[in-house]
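Here is the structure we will look at, set down as C-alpha cells.
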Number of protein chains: 2
Amino acid sequence: MPSFGLTIAETARALGLSTDALRYYERDGLLLRAVPRSTSGHRRYEPQDLRWIELVTKLRSTGMPIRDVRRYAELVRAGEGNETARLELLHAHRRQVLADLAQVTAHLSAIDHKIGIYEDKLEGRSLSA
Amino acid sequence: MPSFGLTIAETARALGLSTDALRYYERDGLLLRAVPRSTSGHRRYEPQDLRWIELVTKLRSTGMPIRDVRRYAELVRAGEGNETARLELLHAHRRQVLADLAQVTAHLSAIDHKIGIYEDKLEGRSLSA
DNA sequence: GTCAGCCCTGGAGCGCACTCCAGGTCAAAC
DNA sequence: GTTTGACCTGGAGTGCGCTCCAGGGCTGAC
C-alpha cells in the first residue's frame with residue numbers, strides 16, 4: 001500500500017525538473033522541509049511540497065541564484081515574524097528582474113535592427129552592413 | 001607616438017567588460033579579426049572592433065551562448081553570400097529571447113502576487129500564506 | 001639605470017548549478 | 001528465489017564563462 005504523494009520521478013515530470021535536481025534542492029536547503037518518505041525510504045512529495053518547489057522554479061527561472069532561494073526558504077522555515085525580511089528579499093529580486101527585462105528588451109531591439117538590415121539586403125534594397 | 005585606437009583597458013571600460021574577457025573573446029574566435037597591435041605588441045582596438053564587440057555584448061546579454069556568437073562571427077568573417085544563414089541564426093535567437101521574456105514575465109507576475117500577499121499581511125488585512 | 005605601470009602569453013582555477021556514477025536496498029512480477 | 005526497476009546515498013565530474021596567475025617585455029619618469 002503506497003504512502004500518499006508523488007514519487008520523485010512523477011514530481012520531476014510534473015515540474016519539469018530532473019530527479020537529480022530535486023534531490024539537490026533538498027540537500028542544499030531550498031525546500032521547507034525534508035520530503036516525507038515511504039516505509040522503504042523513497043521520497044513521497046505531497047501537495048505542499050509541490051507548491052513550494054513550483055515557487056522555487058519560478059524564482060530560479062527569473063534568475064534568482066540558489067543562494068538567495070535558500071535564504072528565502074530559511075526565512076519561511078523560521079516561521080512568522082520575519083515577513084518584512086521576506087518581502088524585502090522578494091522586492092529586491094523583483095527590481096532585479098525588471099532591470100534585466102529592460103536591458104534584454106533594449107538589446108533585442110538592436111538585434112531586430114540588425115535583422116532588418118539583412119532582410120533589406122536580401123530583398124535587393126541593399127544598404128550598409 | 002601612440003598607434004591609433006584604444007588600449008585594452010580603455011576598451012574594457014568603454015564596453016563594461018574585463019580585459020580578461022576581451023582577450024578571451026579574441027582567443028575564442030568571437031571577434032571578426034585579430035585586434036591590431038602597437039609596435040610593442042599591445043592591442044589597439046579600432047572603432048570597427050568596438051562596434052563589433054558591442055554587438056557581441058548585446059547577443060551575450062540577451063542569452064546567446066558563446067558558441068553561437070562564434071558561429072555568427074564565422075559567418076560574417078566568411079564574407080558576403082551567407083546572409084541567409086546569418087539571418088536565420090539571428091531569427092532563431094530572437095525567437096528564443098521572446099520566449100524567455102514571456103516566461104520571465106509570467107513568472108514575475110506570480111512573484112508579484114506573492115509580494116501582494118505579504119503586503120496585505122503586514123497591513124493587518126491578513127490573508128493566507 | 002631602475003622603477004612603476006601597462007601590457008603580453010599560456011595555462012590553471014573558480015563559481016554556479018546541476019548531472020552522473022557506483023554500489024546498494026527494496027518490492028512486486030514472474 | 002531471482003530478476004526487474006525504481007529509488008537510495010555520497011561523492012566525483014561536467015559545461016559554461018570567465019578570472020586569476022606566474023613569468024616576462026616595453027616604455028616613460030625620475
Side-chain angles (χ1 to χ4, degrees), chain A residues 1-31 34-46 49 53 55-73 93 96 100 104 107, chain B residues 1-31 34-46 49 53 55-73 93 96 100 104 107:
Chain A
M1 64 233 35
S3 331
F4 290 107
L6 301 185
T7 66
I8 193 169
E10 288 162 349
T11 304
R13 232 174 297 125
L15 298 178
L17 294 169
S18 67
T19 57
D20 277 315
L22 283 171
R23 282 186 282 253
Y24 166 65
Y25 284 176
E26 186 173 347
R27 246 188 300 173
D28 230 48
L30 271 59
L31 305 192
V35 176
R37 305 297 178 110
S38 69
T39 53
S40 53
H42 292 193
R43 290 173 179 79
R44 286 301 142 96
Y45 292 81
E46 296 179 7
D49 301 305
I53 298 168
L55 174 59
V56 169
T57 63
K58 280 170 181 154
L59 293 173
R60 289 286 306 118
S61 78
T62 49
M64 185 183 284
I66 292 282
R67 142 182 32 92
D68 292 359
V69 178
R70 182 168 45 234
R71 272 206 12 81
Y72 184 59
H93 179 55
Q96 183 63 56
D100 291 351
V104 168
H107 288 174
Chain B
M1 65 233 30
S3 332
F4 289 106
L6 301 183
T7 66
I8 194 168
E10 288 163 348
T11 303
R13 232 173 297 125
L15 298 177
L17 294 170
S18 67
T19 57
D20 276 315
L22 283 170
R23 281 187 283 253
Y24 166 66
Y25 284 176
E26 186 173 347
R27 245 188 301 173
D28 230 48
L30 271 59
L31 305 192
V35 176
R37 305 298 179 110
S38 69
T39 53
S40 53
H42 293 192
R43 290 173 180 79
R44 287 301 142 96
Y45 292 80
E46 295 180 7
D49 300 306
I53 298 168
L55 174 60
V56 169
T57 63
K58 280 171 182 155
L59 294 172
R60 290 286 305 119
S61 79
T62 50
M64 184 182 285
I66 290 281
R67 140 182 33 92
D68 293 358
V69 177
R70 182 168 46 234
R71 272 204 14 80
Y72 183 58
H93 179 55
Q96 183 63 55
D100 292 350
V104 169
H107 288 175

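Chain identifiers are assigned alphabetically (A, B, ...) following the order of the sequence lines, protein sequences preceding nucleic acid strands; residue numbering begins at 1 within each chain.
Taking atom CD1 of residue A:Ile8 and atom C1' of nucleotide D:dC8, one finds them 9 Å apart after rounding to whole Å. A:Asp68 places its CG atom 13 Å from the C1' atom of C:dC16, with the value rounded to the nearest Å. The CG-C1' distance, from A:Asp28 to D:dG11, rounds to 14 Å in whole Å. Going from atom OH of A:Tyr24 over to atom C1' of C:dC18 covers 6 Å, rounded to whole Å. Straight-line distance from the CG atom of B:Leu6 to the C1' atom of C:dC7: 15 Å, rounded to whole Å. Atom pair A:Tyr45:OH and D:dA6:P shows a separation of 16 Å (rounding to whole Å applied). For the pair A:Leu22 CG and D:dT9 P, the interatomic distance rounds to 13 Å; values are reported in whole Å. In this structure, A:Met64 atom CE and C:dC16 atom P are separated by 15 Å, rounded to whole Å.
For C:dC18, one of the phosphate oxygens OP1 or OP2 lies less than 4.0 angstrom from a side-chain nitrogen or oxygen of A:Arg60. Contact check, B:Tyr25 against D:dC18: a side-chain N or O comes under 4.0 Å of OP1 or OP2. The shortest distance between the side-chain N/O atoms of A:Arg70 and the OP1/OP2 oxygens of C:dA17 is not below 4.0 Å. Regarding contacts with the backbone of C:dC18, every side-chain N or O of A:Ser18 stays at 4.0 angstrom or more from both OP1 and OP2. Considering only side-chain N and O atoms, A:Arg43 lies nowhere under 4.0 angstrom from the phosphate OP1 or OP2 of D:dC7. Using a 4.0 Å cut-off, no side-chain N or O of A:Ser40 falls inside it from OP1 or OP2 of C:dA27.
Across all strands, B:Thr19 comes closer than 4.0 Å to no nucleic acid atom at all (heavy-atom distances). Using a 4.0 Å heavy-atom distance criterion, B:Arg23 is classed as a base contact.
In this structure, the nucleotide among C:dT9, D:dC8, C:dG10 sitting nearest to the side chain of B:Arg27 is C:dG10. Here C:dC21 is the nucleotide among C:dC21, D:dC8, D:dG25 with the atom lying nearest to any side-chain atom of A:Asp20.
No side-chain donor-acceptor contact under 3.5 Å links A:Arg67 to the backbone of A:Arg71. For B:Glu46 (side chain) and B:Phe4 (main-chain N/O), no donor-acceptor pair under 3.5 Å exists by modelled atom type.
In this structure, the side chains of B:Arg37 and B:His42 stay at 4.5 Å or more apart for every pair of heavy atoms.
Nearest-nucleotide positions on DNA chain C place B:His42 closer to the 5' end than the other of A:Leu17 and B:His42.
When all heavy atoms of B:Val104 and A:Thr62 are compared, the closest pair comes out as O-CG2, 3.8 Å. Contact record, B:Asp28 with B:Arg70: OD2-NH1, 2.8 Å, taken as the closest heavy-atom pair.
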